[in-house]
Protein chains: 2
Amino acid sequence: MASKNKELIVELLKSSKLSVTDTRVKILELFLKSNGALEHADFEKLSGKSFDRVTIYRTLQTFLDKGIVHKIPTTDTSVRYAICRSECREHEHHDHHVHFRCEECGSTQCLEETDIPVLSLPKGYDVHNVEVVVSGVCKACH
Amino acid sequence: MASKNKELIVELLKSSKLSVTDTRVKILELFLKSNGALEHADFEKLSGKSFDRVTIYRTLQTFLDKGIVHKIPTTDTSVRYAICRSECREHEHHDHHVHFRCEECGSTQCLEETDIPVLSLPKGYDVHNVEVVVSGVCKACH
DNA sequence: AATTAATTTGCAACAATGTTGCAAAAGTAC
DNA sequence: GTACTTTTGCAACATTGTTGCAAATTAATT
């Protein structure tokens with residue numbers, strides 16, 4: 001339940017050497033509730049405008065720095081964030097999974113089971129990171 | 001030379017049923033000059049601020065609608081555009097190539113030779129489009 | 001090449017989004 | 001609880017994107 005999540009969240013924050021504040025706990029709760037990616041505007045709506053815009057920006061940036069969340073590429077001006085799994089470490093983040101954007105419901109999901117395929121680029125290109133964003137219709141929208 | 005490019009550009013505009021205006025020609029010239037993706041701010045700088053911001057926004061949107069350019073996903077708030085190749089048609093755009101973002105020079109390139117690999121998603125997902133953005137160090141920056 | 005009709009542009013005003021400095025508040029450690 | 005550090009909220013500002021409308025440009029027609 002909620003208390004179980006809260007314990008988990010407190011652990012997560014402490015292990016990242018972050019102090020446990022209402023804002024951070026609330027934002028992480030929202031991440032865990034929604035099983036997909038969220039963007040800045042979502043937090044303002046979902047939290048009932050209880051936090052300042054600036055605080056949300058700074059909290060998301062902090063989570064990024066600590067490797068708690070990662071960004072997902074988009075073709076518009078929004079910045080989407082998803083919560084990270086175990087393989088992410090501070091300042092050294094690589095996603096090894098595919099992101100899926102549903103055209104029906106608009107949700108963005110991490111498909112942890114689907115590995116990023118190996119690519120063979122032309123000679124002379126060093127690959128550091130590969131992002132794959134698939135769009136289409138998701139399981140729930142069929 | 002420049003005149004050759006200009007002919008090409010005029011042809012491109014006419015075949016898309018767009019009237020040939022200074023702004024459109026200039027923006028397409030900038031696309032052809034830079035062999036990578038460009039974003040809104042680039043056009044303001046590169047054109048020497050000779051065009052209104054609004055005009056640039058509208059021109060890029062028009063090119064998108066006509067399938068002359070396509071968007072490339074990014075993890076920040078910028079929207080990056082690249083010029084399309086033959087396979088793009090109006091209102092029915094799919095990229096079949098990989099995009100590369102160089103961490104050194106900041107340029108974004110379309111790797112036309114590198115095909116998007118086939119992905120096997122979990123059951124229940126309909127795939128309409130796949131975007132692949134690779135980051136690393138490009139050929140020129142070695 | 002001049003007139004007309006349609007399209008495009010630039011301006012102004014606005015809306016939304018993101019950033020910075022600083023004092024007050026909350027969290028942490030002792 | 002007190003002292004110290006970190007985080008938050010506010011205000012002010014900067015940047016980015018949008019809309020309506022009149023003036024300018026382009027295209028079509030004679």
Side-chain angles (χ1 to χ4, degrees), chain A residues 6-7 9-31 37-66 68-69 71-81 90 106, chain B residues 6-7 9-30 37-66 68-69 71-81 90 106 108:
Chain A
K6 181 115 184 221
E7 272 175 47
I9 286 169
V10 170
E11 265 323 292
L12 177 56
L13 287 171
K14 286 193 173 167
S15 70
S16 298
K17 292 180 179 149
L18 291 175
S19 44
V20 179
T21 70
D22 291 349
T23 316
R24 288 174 181 162
V25 171
K26 181 70 181 175
I27 286 187
L28 287 177
E29 275 177 356
L30 291 175
F31 267 120
L38 294 171
E39 55 188 76
H40 178 89
D42 294 328
F43 296 105
E44 298 208 43
K45 282 171 213 147
L46 293 174
S47 71
K49 312 226 180 205
S50 43
F51 304 116
D52 194 79
R53 277 166 1 97
V54 180
T55 304
I56 297 173
Y57 281 117
R58 288 195 272 224
T59 302
L60 290 171
Q61 184 59 52
T62 303
F63 287 170
L64 260 186
D65 292 345
K66 294 291 184 178
I68 297 175
V69 300
K71 286 183 180 181
I72 299 173
T74 66
T75 52
D76 56 33
T77 56
S78 67
V79 182
R80 262 194 283 283
Y81 301 86
E90 184 168 354
Chain B
K6 182 118 184 216
E7 273 174 47
I9 286 168
V10 169
E11 265 322 293
L12 177 56
L13 286 171
K14 286 194 175 168
S15 71
S16 298
K17 292 181 181 151
L18 291 174
S19 41
V20 179
T21 69
D22 291 351
T23 316
R24 288 175 183 161
V25 171
K26 182 71 181 175
I27 287 189
L28 287 177
E29 274 176 356
L30 292 174
L38 294 171
E39 54 189 76
H40 178 89
D42 294 327
F43 296 105
E44 299 207 43
K45 283 172 212 144
L46 293 174
S47 70
K49 310 226 180 210
S50 44
F51 304 115
D52 194 78
R53 280 169 356 99
V54 180
T55 304
I56 298 173
Y57 281 117
R58 288 195 272 223
T59 303
L60 290 172
Q61 184 59 53
T62 303
F63 288 170
L64 260 186
D65 292 343
K66 294 292 184 178
I68 297 174
V69 301
K71 287 183 179 180
I72 299 173
T74 66
T75 53
D76 57 33
T77 57
S78 67
V79 181
R80 263 193 282 283
Y81 300 86
E90 184 168 353
T108 302

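Chain A is the first sequence line, chain B the second, and so forth, proteins listed ahead of strands; every chain is numbered from 1. In what follows, every heavy atom counts, from backbone to side chain, and hydrogens, waters and symmetry copies are set aside. Only a predicted model underlies this, so the values are computations on that prediction, with no experimental measurement involved.
- Side chains of B:R80 and B:T74: a donor-acceptor N/O pair is absent below 3.5 angstrom, by distance only.
- Across the protein-nucleic acid pair, A:D76 atom CG and C:dG18 atom C1' stand 15 Å apart, rounded to whole Å.
- Considering only heavy atoms from C-beta on, B:Y57 stays 4.5 Å or farther from B:D52 through its side chain.
- One can place CG of B:L64 at 14 Å from C1' of D:dG17, the figure rounded to the nearest angstrom.
- Rounded to whole Å, atom P of C:dT8 lies 16 Å from atom CD1 of B:I56.
- In the helix from C:dA1-D:dT30 to C:dC30-D:dG1, the rotation axis of the first five pairs and that of the last five pairs differ in direction by 40°, rounded to 10 degrees.
- Distance OH (B:Y57) to P (C:dC14): 19 Å, rounded to an integer number of Å.
- Here the straight-line distance linking atom OG1 of A:T55 with atom CG of A:L60 works out to 11.0 Å at 0.5 Å rounding.
- In this structure, CG on A:D65 lies 11.0 Å from OG on A:S16, to the nearest 0.5 angstrom.
- The closest side-chain heavy-atom distance from A:V20 to A:K14 is below 4.5 Å.
- Counting only heavy atoms from C-beta outward, the side chains of B:L28 and B:L12 approach each other to under 4.5 Å.
- As a whole-Å value, the separation of B:L13 CG from C:dT8 C1' is 13 Å.
- Taking atom CZ on A:R80 and atom P on C:dG18, their separation rounds to 12 Å, with Å as the unit.
- A donor-acceptor pair under 3.5 Å is formed between the side chain of B:R24 and the backbone N or O of B:S19.
- One distance of note links OG1 of B:T108 with CD1 of B:I72; it measures 6.0 Å at 0.5 Å rounding.
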Q | Per-nucleotide protein contact string for nucleotides 2-13 of chain D (B base, S sugar-phosphate only, - none; heavy atom under 4.0 Å) | A | ----SSBBBB--
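- For A:H40 and D:dG17, the NE2 to C1' distance is 16 Å, given to the nearest whole Å.
- You'll find the side chain of A:F43 stays beyond 4.5 Å of the side chain of A:K26, heavy atoms only.
- One atom, CD1 of A:I9, and another, P of C:dG27, lie 15 Å apart when rounded to the nearest Å.
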